[in-house]
**Student:** 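Have a look at this one before I ask anything.
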Protein chains: 2
Amino acid sequence: MAKEHKAANAAEANETAADAGAPLASDRSAGAGLTDPADDAAAQHKDDGAARLSSSVGDYLKAIWLLAGDGVAGTGEIARELGVTAPSVTAMLSKMSGAELVAYEPYRGASLTPAGRREALRLVRRHLLLEMFMVTQLGFGWDEVHEEAELMEHVVSDVFAERLAKHLDDPEFDPHGYPIPRADGSVPVAPTMPLAELALGRRFRVHRLMTRDRAVLAYLESRTVEPGAELVLRSLEPGGNLLHLEFVGIGNGARGRKLALSRELASLVLGENLVE
Amino acid sequence: MAKEHKAANAAEANETAADAGAPLASDRSAGAGLTDPADDAAAQHKDDGAARLSSSVGDYLKAIWLLAGDGVAGTGEIARELGVTAPSVTAMLSKMSGAELVAYEPYRGASLTPAGRREALRLVRRHLLLEMFMVTQLGFGWDEVHEEAELMEHVVSDVFAERLAKHLDDPEFDPHGYPIPRADGSVPVAPTMPLAELALGRRFRVHRLMTRDRAVLAYLESRTVEPGAELVLRSLEPGGNLLHLEFVGIGNGARGRKLALSRELASLVLGENLVE
DNA sequence: CCTAACGTTTAGGCATGGCTAAGGAGCACA
DNA sequence: TGTGCTCCTTAGCCATGCCTAAACGTTAGG
């Protein structure tokens, strides 16, 4: 079902380092440089980094990020993602547009401004850190933590998030390989070649399971197809819809084990082609 | 700094077992048994044990508990505690009264019903557990965690709270000796004799610093007056307004150290008179 | 080029939870 | 037994964020 979203591609992180580096005052005045009174209200939000956005606003920002990344997300799309009706989205987008968090064009959709993007990444970061904490320290399963992190991400402070990050050893990727935005607003990058495109006999290291579908994640993990695992493509079923793989990973207790995987799932497994 | 404690005393848990034992269904129907139409709305809230109370409602319940425990809290008192105006409190109390969370008598005040008490304790438990986590695992200072826990306590689930409790080793008291309500709704008890009432030459073990004043807490802790510390009253200033004490504790590195304490502060230090 | 279908926006409401202003209860002291 | 004074409540209002119903833009097919 839920297909992963945006193809966070390699190039991404640099571009972001740029926005993030920009103290975001210059950006805005250039990009949306208005001289109207509304600027005042907006200014407050920036000076101190984020004058407490409501959690609803945060949800919208995050939804836009997940749906479109740096592109444009449509009203209906956002409504579906958040489980609200389209009119609610229209109203909220107008408001957020006024606060310079999104660029909104009626009937077209909304995209994140640098400030909105920054806030969205802050939330995603919190979300992933909280999930990791719950799983690694409290013993939750990966399928139990999403909703709770969803709530908590809106109330934890910057300081809490950073202390938690340190407590977790500053992870850059979650256990499925999903990149955890950094505190400075940049996003770690990782190899993105789909396992499905691996050539015969070549060796592949898994970096990311590109899906939000829990059944798929659970299936892959039960077979130790997870970040760090190394595989070799031994053969293909005629037609190419089934891959016969073999584990060759080192840390993996699975060395030598065989694995059959459909092309469909293999295309969700991202990683890199290793030189032997 | 943050010292563990969990001096879970032997006898404890009984008194509370009584209240908590009451499954709160019987209580309510007997106590407030109305037959009017409003019952419907209220009924929904009870059937499933607590149909997600808003965080505001929770704040009110907690405030009443902190201010009055099982007694009656006045409108103004609650308003001050929560930082809202009196009319807001009146309105909220009426609503909560309808939901059978408090017993509200206009112009008199409100007290918790069993259901309200249960919810208040749930929140207090979460609050204290979160504070302990932040301090002991994330390295926060005790004076930094209150507000954040205040926010988080409203969003963490039962399961999260219990897993966190286990992660923290099921503490029964926070580091200031404040009792942490148990998951079953009972409250640990500890000795409550004020240090100020100690007789000359007698030995005293600190169990609790009975104040929320941060300056006082910091002052006492900087002198290692904290749960577990053991002191002997050596002499009194004429008039009895100053106590000359000496540390005799075992776990305490402070053994033999002298301490002068005003009667005022000594009355905030609760504990027990030890037989020598 | 026009029109139907779809998605989006406007209009009008509702619930929550807060506020100020103004009137009423309760109590203490004369 | 009144008379203040304090505290509490009632009345009326506002902001947020959601909803439904209805009008409107956009776009693709005839």
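Scope of the values below: all heavy atoms of this structure, side chains included, with no hydrogens, waters or symmetry mates. Order of the sequence lines sets the chain letters (A, B, ...), proteins ahead of strands, with each chain counted from 1.
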**Student:** Establish, with yes or no, whether the OP1 or OP2 oxygen of D:dT16 is under 4.0 angstrom from a side-chain nitrogen or oxygen of A:Lys95.
**Tutor:** no
**Student:** Got a sec, which residues hit side-chain hydrogen bond (donor to acceptor under 3.5 Å, both in side chains) with A:Glu162, two or more places apart in sequence or on another chain?
**Tutor:** A:Arg125
**Student:** Output all residues satisfying ring-ring contact (aromatic ring centres under 6.0 Å, His included) with A:Trp142, sequence neighbours left out; order by chain, then residue number.
**Tutor:** A:His176
**Student:** Can you name the ring-ring contact (aromatic ring centres under 6.0 Å, His included) partners of A:Phe160, sequence neighbours left out?
**Tutor:** none
**Student:** Which parts of residues 54-64 of chain B get close to DNA chain D, meaning a heavy atom less than 4.0 angstrom away?
**Tutor:** none
**Student:** Going 5' to 3' on DNA chain C, which nucleotide is the first and which the last to come under 4.0 Å of a heavy atom in chain A?
**Tutor:** C:dG7 to C:dT10
**Student:** ring-ring contact (aromatic ring centres under 6.0 Å, His included): which pairs involve residues 108-128 of chain B, sequence neighbours left out?
**Tutor:** B:His127-B:His146
**Student:** Considering residues at least two apart in sequence or located in another chain, which fulfil the ring-ring contact (aromatic ring centres under 6.0 Å, His included) criterion with B:Phe133?
**Tutor:** A:Phe133
**Student:** Going by side-chain hydrogen bond (donor to acceptor under 3.5 Å, both in side chains), name the residues that satisfy it together with B:Glu77, two or more places apart in sequence or in a different chain.
**Tutor:** none
**Student:** Taking C-beta and beyond as the side chain, do A:Val156 and A:Leu164 meet within less than 4.5 Å on heavy atoms?
**Tutor:** no
**Student:** May I have the list of side-chain donor-acceptor pairs in residues 79-87 of chain B shorter than 3.5 Å, sequence neighbours left out?
**Tutor:**
from, atom 1, to, atom 2, distance (Å)
B:Glu81, OE1, B:Arg212, NH2, 3.3
B:Glu81, OE2, B:Arg212, NH1, 3.3
B:Glu81, OE2, B:Arg212, NH2, 3.4
B:Thr85, OG1, B:Ser88, OG, 3.1

**Student:** With sequence neighbours excluded, give me every salt bridge (charged side-chain N to carboxylate O under 4.0 Å, His left out) pair touching residues 101-114 of chain B.
**Tutor:** none
**Student:** Base, backbone or nothing for each nucleotide of nucleotides 3-13 of chain D, written B, S, -, heavy atoms under 4.0 angstrom, 5' to 3'?
**Tutor:** -----SBB---
**Student:** Using the side-chain hydrogen bond (donor to acceptor under 3.5 Å, both in side chains) criterion, which residues pair with A:Asp143? Sequence neighbours excluded.
**Tutor:** none
